[in-house]
Each structure stands twice: as C-alpha cells, then as structure tokens.
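Everything below concerns the one structure shown next.
Convention: sequence-line order gives letters A, B, ...; per-chain numbering from 1.
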Amino acid sequence: MTITSQAPAAEVGAARKRKEDARLITGQTMWTENIVVPGMLHMAILRSPLGHARISRIDTAPALREPNVVAAFSGRDVADVQGSLPCAWPVTAELVMPAHPPLAVDEVCHTGEAVAVVVARDRASAVDALAAIEIDYEPLPVVLDLEAALADGADLVHTDQTTNKAYTWIFDSAQAGTGGAVDEAASGAEVVIRRRYRQQRLIPAFMEPRSVVVDATGDQVTVWSATQIPHVLRFLLAVGTGTPEHRVRVVAPDVGGGFGGKLQVTPEEMITYLASKRAGRPVKYTETRSDSLLSAHHGRDMIQDIELSARRDGTVLGLNVRLTANMGAYLGLVGPGVPILGAFMYNAIYKFPAYRFECTGVFTNTTFTDAYRGAGRPEATYAIERIMDELAVEVGLDPLEVRRRNWIGHEEFPFTTVAGLTYDSGNYEAATDRAKQLLGYDELRREQAARRASGDPVQLGIGVSTYTEMCGLAPSRVLGSLRYGAGGWESASIRVLPTGKIEVVTGSSPHGQGHETAWSQIVADQLGVAFEDVEVLHGDTRTAYKGMDTYGSRSLAVGGFALVNACKKVIDKAKPVAAHLLECDVSDVEFADGAFRVRGTPDGGRSLADCALAVFAAHDLPDGVEPTLDADDVYDPVNFSFPHGTHLCAVEVDTETGRVTIRAYVAVDDVGRVVNPMIVEGQVHGGVAQGVAQALFEEAVYDADGNLLTGTFVDYTPPSAADLPDIVSDRTETPAPDHPLGTKGVGEAGTIASTPAVVNAVVDALRPYGVDDVPMPCTPERVWQAIRNGGGQS
Amino acid sequence: MTRIKLNVDGVRYDDDVEPRTLLVQHLRDRIGKVGTVVGCDTSNCGACTVLLDGVSVKSCSVLAVQADGKAVTTIEGLAEPGGALHPVQRAFHERHALQCGYCTPGMIMASVSLLADNPDPTDAEIREGLEGNLCRCTGYQNIVRAVHDAAAAMADGGGAAPPQVPAQAAPEQREVAV
Ligand code: FES
Ligand code: FES
C-alpha cells in the first residue's frame, strides 16, 4: 500500500468515547460472578459474630449431612496448609506481624472474620447448611479505642502478642538533612497552632461485591477474581500455596470498581482455593454486600495530632505530625504503608523549613484497614489544608493569601521539599487564579460578609484546598528504601499482527479507568494506526504475564511510559524492513505521520502494516533482520508524579438545622498533558464524590462490643445522585517534564483534594459562632452540636 | 416449587421455582440473564433494576413468583432487535456516564423508567428520580447529563442513525483464543 492520505489527526488529547462501553451498556459484561465452570460448586462462609473470642469448639460435620453439601471445614481442618495472608509492606524491622490465617483457628479477632465454610451444589444449599455448623465461643475483651490500646496493661487484640502496637515510623527533616528541627522552629515561632483531627473509618464500597472462582482440580490452578491486582495475586498465591508459579493463572475479568478496596490478597481468595483443593471441584464464592462491608478491608481511621508553627505574617516555620493509625486486627497487604505514603505529603505545596512525622500503627479488634482511594495522601492533605485555614484565621489573612505566601512558586520547580521529594513541575498560581474566577470567589466573600452582618440563619462558607499529591507508584528504589516488598515498574507489549492490526498488552489491570480507550489512543498516535485497529489486552496472567496492576494513579504515569517506549521499539524494528521495501539505506528512513519515508521524499512511503506483512512472509528480509515487529518494555519510574490543583467549595449551612448544602464546587486540576479529557473529567467527578462523601456522609461505626453498626447500605451510606452537587471542573496544564507524554496521574486527585475543601467551607461558614472544627462526617447533627457548643479546638 | 411463566426480553420461559427465589436470582441463575447484577442485600443500590410490565423494579425485592405472568425487560432486551441502542444506552456512552459499569444496567433501566414518567425532567428531578441507584465511580454528573440528552433524543423521536460504539471483545471471549 502506498501512503497518500494526510497525516491522521492526533488521538492523544481527543475526548474519544470509550471502547469499554459497548459491552457494559448492553449487559454483556464478564463479571466474575457471571463465570460458570463445568462442575463448579458454591461456597458460603461462616463469620464470627464476636469482636474477639476464643473458639472453644467447632464441628462442621453436621453441615455435611445437609442436602447438596459436598464439603465443610473450619480453620482447624486446614491449619497446617492454609498459611498466613501476606503483608507486603513491613514498614519497620521491628514490625509486629500477627499471623493472619485465612480461616481463624483458635481465636477470632474481629467480627466478620471467617471461621468455617460449606461447599455445596448451589449457593442456597451452602448458605442454609452454615446453620448446622456447631461452634462455641469464649468471649475475650474487645479492644477498640486507639489510645487505650496503647496504654500500659491494655487488653490485647491478639492473645499471643505482648503489645497492641504494630510499629512506630519516624521521619525527621533534621535527621534526613532535608530541613531543620521542628522543636527549634516552634520555640522561636510567633504563632503555634495545635489541632487534633480524626480521619473516620471508611469503607471503599466498590459496587461489584468481591467474587472469586478457583479451579484447582488439574495441574494448573486457575483463579478468576474481582481483583485490582491479578499479577500480585498470582505471585503470592504461588508463594503462599507452594503451587509452582507457572502453574498458576489469575484472571481479573471485568472488575466493577476497586478504589483500593480490591488491592488485597483476600482471605476469601485463599479459602476458595482451599475449598477447590479439598472438594476436587471448581468453587465459586461471591460475597453479599453485608459480608463486603463487614470483612473487605476498610480505610482511613487515624488520629492526627498536628502542630504548625509560623510567623505573624503567615510564613510557616515548622510542621510536627503525630499519627495514630488503626491497622484493625491484622496487617493488610500494604496496610502498614498507607499512613507512610502520607508522610511525604503533609508539607504539601508549602515551603516548610522543618518537618517531623511520626506514625504509630495500632491493632484493634476491627476489620483490618488498607488502601482506600488516595491511601495516606487524602489524610495528609486534609490535615494540612485544614490547619492552613486555622493559620489564616490566626494571622488574619484570607486562606488563599496565607497559602500564596508559602507555596512553591511556578518558577521554583523542580523543588526538593522538606520531606525529601523533588516535585517535578507545577503552577499553583495558575490553578488557583482559574478556580477563583470560576467560583466567583471575591463576590462570594462579599455575600458571606453580608450574610454574617445580617445574622442570616443560613450562613455561607467558602472552603479552599490547594493540594498536590505524589502518585505514579512508584520508583522501585524508593519502595525498597521504604521496605515495600515489590517493585513499582510497569510493562507494555505490542504485537503487530500480519494484517497491521495491533494487540497491546498492559500489565496494569483496569477496573473502570478506561485503559482500553486511552491505550488505543496512545498507540494510534505512536504507530500511525487507526484507533479502531488497536486491541488492548489485560488482566489475564496468561496473556499479560508481567505487571504490577492498577492503584496509586500509576497506570498512565508508569504504564503509559512503558507503552510509549514499546511503541518506539516497534518503529525501530520496522525501520530496516521499511528501508528494504523502500529500497533505501536504513539511515535514510524516517517515520512520521504514520508512514516510513525516504528522508526528504514527502510522497510515497510505507505503513507499519506493509512492514508487518513483510515480516510475516519473511521471504526476502535482509540478513540479520528478525521477522517480527513485536516489542516489550518494562519501565521503572525515576520519580513520582505530582499532579496538583485548587478546589474551592461554597456551602450553605442552615444554622437552625445543621444542614449543609453544597452550593458550588469548582475543581481546577493540573494533571499535566491529558490523553482523554473526557476520562480525566470522569475521574475528577468520581474522585470528588468520594471525598465529599468522607466530608459529609460516610463513617464505619463499631459499637462497644466490636459489632459493625454500619453493615449494610442502609447504615453505611454512599451518596446518591440527590446528595451530590454538579461540579465545575477545569484544568491547567503543566506537563510532566520527564514523561514522554507529559502526563501525571489523576485517579486519586479528586478524592485527595475535595474533603478539606468541603470541611473548610463548613467551618468557614460557622466562624462567627466560634466554631473552628466539625468532626467528619459533618452530619446535620454534628454541625448543629458544633454551633450549640460554640468554640472548637482552640 | 411453583410453576411460573415469564416473558423476559421477548422470550417466554416456564419454570418451577422455589417460593423464596428472588426475581434477580431467577433471571441470572435460571434464565441466564446475567446482564442484570446484584449490588446489595438490602434493596438500596438499584443495580438489579429491571422493568416489570414496563415499570422499574428492583428485581432483588420481588419474588420470582410475584412476576408470574408478567413481562420483564432487562438491560439485555433494551436495544432494538436489529441492535440499535436505546437512546438512554447511547447517551450513557456519549456522555461517559459509566466507568466500571457495574451500576450501569440498573442505572439505565431506572433512567428509562424515569423518562417514561417524566419525559423532560429537570436536573433535580433526575437526581431525585435516580436516588435509589448507587454509583461509586462517576459522581453522577455525567449520568444526569446523559439522561437529559436521552430525553432530548426521545423527544426528537429517538434520534436518527445511531453512532457506532467501538468495541473491544469481552475478556472471556478473548480467552477462548488463547
Ligand atoms: S441488588 Fe437490588 S437494590 Fe441492590
Ligand atoms: S460506573 Fe462504577 S458504580 Fe457506576
């Protein structure tokens, strides 16, 4: 084929509609729960009704007499083969790591912990037969309060441990050589502000309940799981069960959301594996929503003690952060590391000269905590953005002005922070100016003053959040220095088929992010092929054998880098083939606009498809030319990605009822160059919704006995459409200088930014009442109480 | 066991069901309509929404026996027989009103029902009308936009030539070739 057409329009930057949608909008989706394997049985799990107890007796034999039951077993039956669930992030050498058996053996340490299972012909029979299992518990003291858990003589969460403290992890800028000592900074400061903020416990609440099918009947173990991390699961399943890794295949089919909640190697996956082994049949387990809320890992749950010192003019001098982080009863896959991801973010976009961070991880008799959208960074951003507002009040400045006096100027990048990170690029001024303009900031401030002056029962508050975050997880060396168990690279493979169609294999396994669309756009531009001619494969370790999966806003920041590199390798491999077809020297071949041409010859030329067909036939390739254009790349990032932005929220607070209404929400995000603005906007919308949910609606609550009171969607209330506002979203664009596409991560930005914007707005509305804090979620009752009590923390 | 007759997406199915069987279980496990999904066990999420004689119901809150003699439309029966998408399906695609897509079957069916009741809803009416359907991914804004677009398209008589939705094969279909 001779190329005559014009250069194709650039795909990157276009709001391409998603390829994924066709199956999702017609009900053709392959959820794990839809998978049926011949001979498959169904499993039901008996869970502990107690927060802490010894299992004095357990007998599953009666369940075997129930109809359709094929197998029933408890932790005791598999004690010597089930192993312990992995924690891949032992943040300190001294970390206390209690054994985490998938099925409890002698002791249950949180309600919802799995104790026994029934495997039956159908799900209803399995569930019914659970009632026949005989089990006696001896209750043990339940440890729930973080500070009480650390006190001398406290009851123990695990009776075989001597402490409830998991670890203490410290960063001190004076020791690291990245800044001064915070104590000195505070002693010389004109202003010192101390606050305690509470990050309530949240539940990721992905809409697709977790589901897993395991076929361990043959030589090959096949696992289909609603997971974010098929590759990590494969590795850990092989290591944990002793199955040779090459005999383990993990498939993440279509996955219905994760938000960190499916970044886990779960007890349920391991138990289903054990069940398939014991029953000699494929087995499926799908959790109910109640099971999910109770036993899938939770997120957040920290006490944040913050001390900020500053000069009277608002210049910050030091930041001292002490965290107490609730691990729950066990250490999740990356659970101990979640607060540590925040350690580098408390200083945010501000030029603190001194910084100290100390985190103590604490066990309690609750469901274990782990990553939830943002993982450590929303918590950090909340604390710093809340206390910057307190500083603004203290020194009598507008909250945006106090930020401006402290933030890194756009001309100062790259900038190495007091936490030791080097921010690559940013323009906080531009994002803030745009956000102010879109909100009508000055006008709203005037309205606020008028309402305050007239004593309007409905007060107006304006909340500010000028955030940044570190994402694109992560440089492997940094992960190693933080004692994380794996690397942070990502892979991409390109297969050029003989007809010129392209298969792209990505190791980053999506669950709603739209990789199939965005990756197609990138490859279309890089290789000069049509968007429609690219097929993106992922999530099956047989086709996508190498990957680190999707979390930490890493897919494009890291995986996109690998993808571009792989495309470049394809072009390099095609050049000698093109030279052969063009009958010229390879040094005279150039590739542009989808065509290989002889340099200086605008007409004619050969496409990648021509080269693909030539290597397929391979009849007369020059000596030494390998007959393939396929190429792989594995990219290990040299730095994190640092998106940023300014979110502004205006709320109306009815001071008579405590009801908060979001009147306007503006999100201006700078995520570098954008591959697909429609997808980016969608990520911002969804992210903001989850951050607003933390600010106003959601909290996982345990009673004094360790029962989860928010165990259904009646009590744990993700917001509906009626609860959320329209948001105005816009972008500024400061390219990532080190990324070939200039992109930064976006998946978590909205969640990180929005929670403090909303709470700052609520508190701002109530300043005339002496209120300087409202604990999250800011329900009408809490807001009303704050008004009644007046005052706050100061 | 009770004998029931259902018309699901235009096909008649006669089955013996246990009285406790939920309509959603019957649709998924017996009839094979796995496009309709389950998101909760308290009738709060709306993921399982279908039309029963044209009216939206949460199929997890209806017993299969209660649907006896009725017509059920699921997400799989919404497009026209020739494959042309329903305007609501089209609008969800055009407006990026889905991410993971798990809420989508229910959200689309609830939107179809909402527009049948109120062909020209305001933003607030859409948000309130979809209150029983949870989405964790989108923040709902694009869903609201999509419902508006669908309303406009349906007022225009369903819109002319539907744009093609570019597609990738579902993961399981790909697996077969491996
Ligand atoms: S599954 Fe029916 S409402 Fe949730
Ligand atoms: S698109 Fe994922 S829950 Fe709605």
Salt bridge present between B/R127 and A/D726 (N-O < 4.0 angstrom): yes
Interface moiety of A/E33 toward chain B, non-hydrogen atoms closer than 4.5 Å: both
Exam field: side chain B/E131 to backbone A/S720, donor-acceptor pair closer than 3.5 Å: no
Residue part contacting chain B, namely of A/P719, when any heavy atom lies under 4.5 Å: both
Residues of residues 44-72 of chain B within contact distance of chain A, non-hydrogen under 4.5 Å: B/N44, B/C45
Side-chain ion pair, A/E698 and B/R136, N-O less than 4.0 Å: yes
Side chain to side chain contact (heavy atoms under 4.5 Å, CB included) partner of A/T26, chosen from B/Q89, B/H86, B/E76: B/Q89
Region of A/A124 that comes under 4.5 Å of a non-hydrogen atom in chain B: both
Chain B interface, residue from A/L724, A/D291, A/T517 that has the most non-hydrogen pairs under 4.5 Å: A/L724
Atom group of A/Q690 that falls short of 4.5 Å from chain B, counting heavy atoms: side chain
Trace of the side chain to side chain contact (heavy atoms under 4.5 Å, CB included) decision for B/H93 with A/I25: CA-CA 8 Å; B/H93 172 62; A/I25 57 177; 4.0 Å; yes
Test: A/R16 and B/E94 ion pair at under 4.0 Å: no
Chain B contact via A/V255 - which portion, at a heavy-atom distance below 4.5 Å: backbone
Ion pair A/D21/B/R90, N-O distance below 4.0 Å: no
B/R95 vs A/E681, salt bridge (Lys or Arg N to Asp or Glu O under 4.0 Å): CA-CA, chis, key distance, verdict: CA-CA 11 Å; B/R95 281 297 194 174; A/E681 190 189 40; over 6 Å; no
Heavy-atom contact with chain B under 4.5 Å, split by part of A/V714: both
